[in-house]
Amino acid sequence: MSRTEEQGGVPTGSLAHRVPDLGGLELLLAVARLGSLGGAARELGITQPAASSRIRSMERQLGVALVDRSPRGSRLTDAGALVTDWARRIVEAAEAFDVGAQALRDRRDSRLRVAASMTIAEYLLPGWLLALRAQRPDTAVSLHAGNSTVVAERLLSDEADVGFVEGLTVPTGLDSVVIAHDRLIVVTAPGHPWARRRRPLAAGELASTPLILREKGSGTRQVLDAALGGLARPLIELSSTTAVKAAAVSGAGPAVLSELAVGEELAMRRLVRVPVEGVALARDLRAVWPTGHRPTGPARDLLSLTRG
């Protein structure tokens with residue numbers, strides 16, 4: 001015996017199968033107000049045959065006649081008048097639902113919290129955020145810059161809407177997409193002996209030399225450590241790309257930095273690039289977000305700008 005038969009012939013499926021959709025209820029309300037199926041169809045921007053088909057579909061679904069059609073127009077049946085009263089309350093509730101949902105979207109779209117590792121925060125995000133402001137002038141943006149570990153922590157604790165990292169791997173609990181590619185290069189001040197080398201630096205010599213490095217947990221440090229199979233004890237350990245660059249310019253020692261970060265210094269000969277052989281220092285730059293929660297609203301727009 002079917003579930004319908006157990007209930008005395010009354011359908012017991014989900015509401016979606018037993019209650020007409022909002023489009024049909026709006027059509028019924030328009031017929032009641034205008035007294036014309038054709039006029040209701042025009043108001044809703046559909047053809048009269050489509051309106052007739054929708055009314056017949058509702059009548060089959062509900063098991064009662066809703067509209068009497070005649071050359072003089074369309075008139076609700078007694079059942080149709082009663083259904084229209086119920087439909088009005090459903091449509092009003094749907095309108096209230098829509099207003100509330102729009103308020104949630106407006107609240108979401110009024111702010112954007114970004115977390116980014118240092119190189120991206122310092123050298124790429126400013127341009128992206130300027131472009132986003134042109135699209136969304138009313139969105140307030142906050143940016144937290146830190147290493148890749150910190151970016152992951154902020155995303156997973158719901159303190160950021162979207163993040164950007166530079167490491168070799170995607171932190172656990174995050175989804176990602178590659179937005180750009182970068183290369184790490186060895187640089188020194190012009191007075192350093194490496195600046196006058198005629199042959200490329202060997203990977204082993206780079207690995208065994210104390211360098212000015214970013215802190216553990218940074219994407220730059222991860223890529224360099226993995227490429228060289230280990231690093232000597234740092235000469236100096238600093239927490240930002242700008243600080244590492246300043247130390248290298250001052251002559252404190254060699255450093256490994258993103259090409260994005262040192263273009264001006266190389267052009268003005270404040271730093272010299274040192275060629276290295278036997279090691280690849282390329283890396284992917286990624287946008288990241290909590291697994292299963294792809295960015296929406298301003299975060300989605302920012303993501304599209306990074307890939308444009």
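From S258, atom OG reaches atom CG of L281 across 11.5 Å, with rounding to the nearest 0.5 Å. Note that the CG atom of L112 and the CG atom of D301 stand 9.5 Å from one another [nearest 0.5 Å]. Taken from NE2 in H181 to CD in E259, the straight-line distance is 13.0 Å, to the nearest 0.5 Å. The line from CG of D161 to CZ of R300 is 12.5 Å long, rounded to the nearest 0.5 Å. Distance CG/L231 to CG/L224: 4.5 Å, rounded to 0.5 Å. Here the CZ atom belonging to R233 is positioned 16.0 Å from the OG atom belonging to S208, to the nearest 0.5 angstrom.
A donor-acceptor pair under 3.5 Å is absent between the side-chain atoms of S53 and the main chain of P49, judged by distance alone. For the pair R283 (side chain) and D182 (backbone), a donor-acceptor distance under 3.5 Å is absent. With hydrogens and angles ignored, the 3.5 Å screen pairs a side-chain donor or acceptor of D225 with a backbone N or O of G230.
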Please step through side chain to side chain contact (heavy atoms under 4.5 Å, CB included) for the pair V170 and D175, ending with a clear verdict.
CA-CA 7 Å; V170 179; D175 288 338; over 6 Å; no
Would you check, one step at a time, whether the test side chain to side chain contact (heavy atoms under 4.5 Å, CB included) holds for L29 with T84?
CA-CA 6 Å; L29 290 173; T84 299; 3.4 Å; yes
Would T241 and L260 count as a side chain to side chain contact (heavy atoms under 4.5 Å, CB included) if you check the C-alpha gap in whole Å, the side-chain angles of each, and the deciding distance to 0.1 Å?
CA-CA 10 Å; T241 300; L260 296 169; over 6 Å; no
With salt bridge (charged side-chain N to carboxylate O under 4.0 Å, His left out) as the criterion, how do E26 and R54 come out once you've worked through the C-alpha distance, each side chain's angles and the decisive distance to 0.1 Å?
CA-CA 11 Å; E26 287 180 313; R54 185 168 288 183; over 6 Å; no
Residues E277, R199; criterion salt bridge (charged side-chain N to carboxylate O under 4.0 Å, His left out); working and verdict
CA-CA 9 Å; E277 62 181 5; R199 298 183 60 186; 5.0 Å; no
After noting the C-alpha distance and the side-chain angles of Q135 and L305, does the key distance pass the side chain to side chain contact (heavy atoms under 4.5 Å, CB included) rule?
CA-CA 10 Å; Q135 291 185 5; L305 288 169; 3.6 Å; yes
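Taking each heavy atom of P254 and T209 in turn, the nearest pair found is CG-CG2, 4.4 Å. Minimum heavy-atom separation, R273 to L266: N-CD2, 3.6 Å. When every heavy atom of L27 is checked against every heavy atom of A51, the shortest pair comes out as CD2-O, 3.5 Å. Taking each heavy atom of A134 and P137 in turn, the nearest pair found is O-CD, 4.1 Å. Across every non-hydrogen atom of V31 and S74, the tightest pair is CG1-CB, 4.1 Å. When every heavy atom of A195 is checked against every heavy atom of A189, the shortest pair comes out as CB-O, 3.7 Å.
Side chains of W128 and I120 form a contact here, defined as non-hydrogen atoms less than 4.5 Å apart. Under the 4.5 Å side-chain criterion, counting only non-hydrogen atoms from C-beta, L285 is not in contact with V178. Looking at W194 and L206, their side chains come closer than 4.5 Å, going by heavy atoms from C-beta outward. L37 places none of its side-chain heavy atoms less than 4.5 Å from the side chain of V67. Within the 4.5 Å cutoff, no side-chain heavy atoms of F164 are placed close to those of L124. With contacts defined as side-chain heavy-atom distances shorter than 4.5 Å, the pair I55/L28 qualifies. Between V256 and V186 there is a side-chain heavy-atom pair separated by less than 4.5 Å. N147 places none of its side-chain heavy atoms less than 4.5 Å from the side chain of M118.
Under the side chain to side chain contact (heavy atoms under 4.5 Å, CB included) test applied with E265, the options L257, V187, V249 reduce to a single match, V249. A side chain to side chain contact (heavy atoms under 4.5 Å, CB included) with L184 holds for exactly one of T119, V279, V276, T220; it is T220.
Hydrophobic clustering of Ile, Leu, Val, Met, Phe, Trp and Tyr side chains at less than 4.5 Å, counting indirect connections, unites V223 with L228. Follow the hydrophobic side-chain contacts under 4.5 Å out from Y123 and you never reach V165; the two are in separate clusters. Put simply, L168 and L174 are part of two different groups of oily side chains (I, L, V, M, F, W, Y) that touch within less than 4.5 Å, one to the next. No continuous path of ILVMFWY side-chain contacts below 4.5 Å connects L155 to L143, so the two sit in separate hydrophobic clusters. V83 and L76 fall within a single hydrophobic cluster, where Ile, Leu, Val, Met, Phe, Trp and Tyr side chains are chained together by heavy-atom contacts under 4.5 Å.
Under 3.5 Å, the side chains of E122 and T242 contain a donor-acceptor pair of N or O atoms.
The existence of a salt bridge linking R197 and E205 is confirmed by a sub-4.0 Å separation between a basic side-chain nitrogen and an acidic carboxylate oxygen. The residues R113 and D158 are annotated as salt-bridged, a charged nitrogen and a carboxylate oxygen being separated by less than 4.0 angstrom. A salt bridge between E264 and K245 is absent, with no side-chain N of the basic residue lying under 4.0 Å from a carboxylate O of the acidic one.
Counting heavy atoms of neighbouring residues, nucleotides and ligands inside a 6.0 Å radius, atom CZ of R133 does not exceed 12 of them. Heavy atoms from other residues, nucleotides or ligands lying under 6.0 Å from CZ of R69 number more than 12. Within a 6.0 Å radius of CG in D85, more than 12 heavy atoms belonging to other residues, nucleotides or ligands are found.
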